[in-house]
Amino acid sequence: MLDLFPESEKPVDIIPARKLSAKVAALYAAPSNHFQTRPVEALQLGFEGIDGDFHAGATRRSGGREPWYPRGTEIRNERQISIVAADELAVVAERMGLAEIKPEWIGANLLIEGVPHLSMLPSGTLLFFRSGVTIKVDAQNGPCRLAGRSIAENAGMADREAGALAFPKAAKRLRGLVAWVEKPGRMTTGEEISVRVPEQWIYRS
């Protein structure tokens, strides 16, 4: 392929792809009528996400995260799986003055260990599970008041509305990731994950 720019004039910096190793620390599923999750030993995933989960589905309704659509517009569901890391949740808890934030309080499905700065993994990152499941990262999961209110209630905060407002600020870029199922199957607690981070660049026009 023809290189249009000499090295000194390239408009973007290219960061090579890389591989990381990780492990499933815990798994969680949500009842179909509520976003909060509960611990489970295994998850069965299809192309629509986790079987019976609150966020399962090939499509979803747009909300505040998609202001370019009228609220309630049917769009592709790229938020089938919520992924978090214990070290990031500990930072958020400290910022909020709490002893802990449990993954299930904020609707997480997958607690991963072994990946530094999990929330900074770029879109397109692939997670290959030893069981054969593959999920693909869509983006960072933006923290919202709904999750903040859940934290406030579960942590027994005196001012629940203050907790709801504090979480979006405390958890910015630490809320984890959302992903969707690329290859279905069954994943279990404790299994190994091969993380493939794609080539990256910062686009500047």
Side-chain angles (χ1 to χ4, degrees), residues 20 22-85 88-89 102-115 118-151 171 175-198:
L20 302 170
K23 184 179 179 180
V24 177
L27 294 171
Y28 308 86
S32 59
N33 62 346
H34 201 280
F35 88 98
Q36 287 190 45
T37 51
R38 61 178 186 271
V40 295
E41 287 300 312
L43 289 175
Q44 187 67 41
L45 296 94
F47 284 116
E48 294 192 348
I50 301 167
D51 289 354
D53 189 80
F54 181 77
H55 287 108
T59 63
R60 65 180 179 87
R61 299 293 177 178
S62 64
R65 292 184 175 90
E66 299 85 26
W68 42 87
Y69 295 124
R71 187 178 288 268
T73 301
E74 187 175 21
I75 60 175
R76 172 68 59 189
N77 184 12
E78 80 295 6
R79 301 178 58 83
Q80 295 173 343
I81 312 290
S82 171
I83 309 169
V84 297
E88 293 183 336
L89 292 183
K102 293 186 177 181
E104 53 264 47
W105 295 353
I106 58 174
N109 301 118
L110 177 58
L111 181 68
I112 285 182
E113 61 182 28
V115 179
L118 176 80
S119 293
M120 302 307 290
L121 287 177
S123 299
T125 295
L126 287 165
L127 280 66
F128 294 90
F129 295 76
R130 179 175 287 276
S131 60
V133 174
T134 305
I135 61 177
K136 193 167 190 175
V137 171
D138 178 75
Q140 284 188 354
N141 194 359
C144 65
R145 292 185 185 183
L146 179 64
R149 189 169 290 107
S150 174
I151 291 169
R175 172 66 170 86
L177 307 161
V178 288
W180 49 274
V181 178
E182 181 166 275
K183 184 173 178 289
R186 184 175 185 270
M187 66 172 67
T188 57
T189 302
E191 72 174 280
E192 297 175 356
I193 310 168
S194 175
V195 181
R196 301 190 186 183
V197 183

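Between E191 and R130 there is no salt bridge, since no side-chain N of the basic residue sits under 4.0 Å from a carboxylate O of the acidic one. A salt bridge is absent between K136 and E78; no separation between the charged side-chain nitrogens and carboxylate oxygens falls under 4.0 Å.
Counting heavy-atom neighbours within 6.0 Å of R76 CZ, excluding the residue itself, gives a total of 12 or less.
Note that the CG atom of L111 and the NZ atom of K102 stand 12.5 Å from one another [nearest 0.5 Å]. Atom OG1 of T125 is separated from atom CG of D138 by 11.0 Å, given to the nearest 0.5 angstrom. In this structure, R145 CZ and I151 CD1 are separated by 14.0 Å, a value rounded to the nearest 0.5 Å.
Under a 3.5 Å cut-off, the side chain of S82 and the backbone N or O of V178 do not form any donor-acceptor pair. Here the side chain of Q140 pairs a donor or acceptor atom with the backbone of S119 at under 3.5 angstrom. Under the 3.5 Å distance criterion, the side-chain polar atoms of R60 are left unmatched by any main-chain donor or acceptor of R79.
Shortest non-hydrogen contact noted between A25 and E113 is CB-OE1, 3.8 Å. Taking each heavy atom of Q80 and F47 in turn, the nearest pair found is NE2-O, 3.1 Å. Residues A56 and N77 come closest through the heavy atom pair C-ND2, 4.0 Å. Considering all non-hydrogen atoms of both residues, L27 and A42 come closest at CD1-CA, 3.8 Å. Scanning all heavy atoms of the two residues, the minimum distance from A30 to F35 falls at CB-O, 3.8 Å. The nearest pair of heavy atoms linking P103 to L89 is CG-CD1, 3.9 Å.
Results of the side-chain contact (heavy atoms from CB on, under 4.5 Å) test with L127 over L177, L20, V137, T134 single out V137 as the only residue that passes.
Taking the side chain as every heavy atom from C-beta outward, T37 and N109 approach each other to under 4.5 Å. In this structure, the side chains of I106 and N141 stay at 4.5 Å or more apart for every pair of heavy atoms. Residues R65 and C144 have side chains in contact (heavy-atom distance under 4.5 Å, counting atoms from C-beta outward). Inter-residue side-chain proximity for V195 and I112 is flagged as unmet; no heavy-atom pair is nearer than 4.5 Å. Counting only heavy atoms from C-beta outward, the side chains of L110 and F129 approach each other to under 4.5 Å. A 4.5 Å side-chain heavy-atom check between L43 and I81 finds every atom pair outside the cut-off. Considering only heavy atoms from C-beta on, S131 stays 4.5 Å or farther from T188 through its side chain.
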Mind running side-chain contact (heavy atoms from CB on, under 4.5 Å) on I83 and L121 for me, showing each step along the way? CA-CA 11 Å; I83 309 169; L121 287 177; over 6 Å; no

Please list, one pair per line, the donor and acceptor atoms closer than 3.5 Å that link side chains of residues 67-75 to other protein atoms, with sequence neighbours excluded.
from : atom 1 : to  : atom 2 : distance (Å)
T73  : OG1    : P70 : O      : 2.6
E74  : OE2    : T59 : OG1    : 2.8

Would you tabulate the side-chain donor-acceptor contacts of residues 180-187 under 3.5 Å, counting partners in other chains and residues two or more places apart, or write 'none'?
from : atom 1 : to   : atom 2 : distance (Å)
K183 : NZ     : G132 : O      : 2.9

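Applying the salt bridge (Lys or Arg N to Asp or Glu O under 4.0 Å) definition to pairs two or more places apart or across chains, none involves residues 31-56.
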